[in-house]
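Being a predicted model, the structure only gives us computed values, none of them experimental.
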Amino acid sequence: ALAERANLAGVRHILLVLSGKGGVGKSTLSTELALALRHAGKRVGILDVDLCGPSIPRMLRAQDSAVHQCASGWVPVLVGQDKAIALMSIGFLLERPDDAVVWRGPKKNALIKQFVTDVAWGELDFLIVDTPPGTSDEHISTVEALRPYQLLGAVLVTTPQ
């Protein structure tokens with residue numbers, strides 16, 4: 001548990017982006033928020049836990065990137081114009097970025113826990129967590145895994161319908 005605390009130890013604020021339904025712009029908002037915070041001089045990371053539709057790598061033109069290992073876990077991919085936003089997504093772990101991921105609860109939960117514990121984020125002002133649509137296993141796993149850390153909070157994306 002000590003190593004797991006270490007990988008998020010340098011992260012000052014964690015922000016979940018979620019919604020009750022799909023197609024409302026969570027990934028777009030997560031990306032824009034990260035870019036705006038970066039523009040304001042903040043150190044930013046994005047954790048894409050949308051396991052079935054990881055769109056952030058494509059939004060940041062990083063879909064061909066690969067994740068590397070280091071002593072403290074996975075090294076996030078650096079994205080954005082100045083390569084200053086740290087990004088981790090299941091999209092980097094698939095053979096082809098458009099592959100569908102069909103997993104049941106326990107495997108999803110294990111991967112999310114691994115994303116929280118095994119990514120070497122370094123020093124960040126904000127870690128933005130892009131979640132899948134709805135209120136599913138992924139959300140519960142993510143919140144459970146992040147419970148020991150200081151969550152800044154959540155942004156709930158809604159539409160007028």
Side-chain angles (χ1 to χ4, degrees), residues 4-5 7-8 10-40 42-63 65 67 73-74 76-77 79-80 84-119 121 124-161:
E4 113 183 19
R5 189 162 305 285
N7 273 336
L8 281 172
V11 177
R12 296 189 40 216
H13 304 292
I14 301 171
L15 187 57
L16 290 176
V17 177
L18 28 94
S19 76
K21 65 191 285 287
V24 297
K26 282 178 301 303
S27 297
T28 302
L29 188 100
S30 296
T31 301
E32 291 296 330
L33 196 53
L35 292 168
L37 287 165
R38 177 69 204 122
H39 188 71
K42 304 295 183 197
R43 294 162 304 179
V44 184
I46 306 175
L47 174 56
D48 182 4
V49 294
D50 188 346
L51 304 184
C52 298
S55 52
I56 301 229
R58 181 174 289 119
M59 288 184 173
L60 289 165
R61 294 198 188 109
Q63 63 268 40
S65 303
V67 170
W74 285 328
V77 173
V79 297
I85 296 172
L87 171 61
M88 182 47 124
S89 168
I90 193 174
F92 298 138
L93 306 177
L94 301 174
E95 291 275 324
R96 293 185 301 279
D98 293 327
D99 283 354
V101 179
V102 183
W103 286 353
R104 301 197 47 184
K107 195 165 178 187
K108 286 183 185 176
N109 297 349
L111 182 67
I112 287 170
K113 187 156 175 33
Q114 205 173 353
F115 272 169
V116 169
T117 57
D118 294 349
V119 177
W121 291 108
L124 294 179
D125 295 306
F126 291 91
L127 177 61
I128 296 162
V129 183
D130 186 45
T131 67
T135 51
S136 61
D137 278 357
E138 288 95 318
H139 300 85
I140 296 165
S141 304
T142 303
V143 171
E144 287 286 307
L146 292 171
R147 184 161 297 187
Y149 309 99
Q150 295 302 87
L151 266 173
L152 174 67
V155 174
L156 187 61
V157 183
T158 61
T159 59
Q161 302 93 313

Using modelled atom types and a 3.5 Å cut-off, is there a donor and acceptor pairing between side-chain atoms of N7 and backbone atoms of T117? yes
For the backbone of A62 and the side chain of R58, can you confirm whether one donor and one acceptor N or O come within less than 3.5 Å of each other? no
Separation of [Y] [atom2] from [X] [atom1] (nearest 0.5 Å):
{"X": "T31", "Y": "I128", "atom1": "OG1", "atom2": "CD1", "answer": "8.5 Å"}
{"X": "D118", "Y": "K113", "atom1": "CG", "atom2": "NZ", "answer": "8.5 Å"}
{"X": "L124", "Y": "L37", "atom1": "CG", "atom2": "CG", "answer": "11.0 Å"}

How close do [X] and [Y] get, heavy atom to heavy atom, and via which atoms?
{"X": "F115", "Y": "V119", "result": "O-CG2, 3.2 Å"}
{"X": "I90", "Y": "D50", "result": "CG2-O, 4.1 Å"}
{"X": "L127", "Y": "L47", "result": "CD1-N, 4.0 Å"}
{"X": "L8", "Y": "W121", "result": "CD2-CD1, 3.6 Å"}
{"X": "V17", "Y": "V157", "result": "CG1-CG2, 3.8 Å"}
{"X": "V67", "Y": "F92", "result": "CG2-CB, 3.4 Å"}

How about [X] and [Y]: do any of their side-chain heavy atoms sit closer than 4.5 Å?
{"X": "L15", "Y": "V129", "answer": "no"}
{"X": "R43", "Y": "F126", "answer": "no"}
{"X": "V155", "Y": "L29", "answer": "yes"}
{"X": "T158", "Y": "V24", "answer": "no"}
{"X": "T28", "Y": "M59", "answer": "yes"}
{"X": "D125", "Y": "V44", "answer": "no"}

Could you tell me which residues satisfy side-chain contact (heavy atoms from CB on, under 4.5 Å) with S141, sequence neighbours excluded, listed by chain and number? N109, I112
Who pairs with K107 by side-chain contact (heavy atoms from CB on, under 4.5 Å), at least two apart in sequence or on another chain? W103
Residue from S30, P57, S55 passing side-chain contact (heavy atoms from CB on, under 4.5 Å) with D48: P57
Output, in order, the C-alpha distance, side-chain angles, deciding distance and verdict of side chain to side chain contact (heavy atoms under 4.5 Å, CB included) for I140 and E144. CA-CA 6 Å; I140 296 165; E144 287 286 307; 4.2 Å; yes
Electrostatic pair D130:K26 at N-O distance under 4.0 angstrom: no
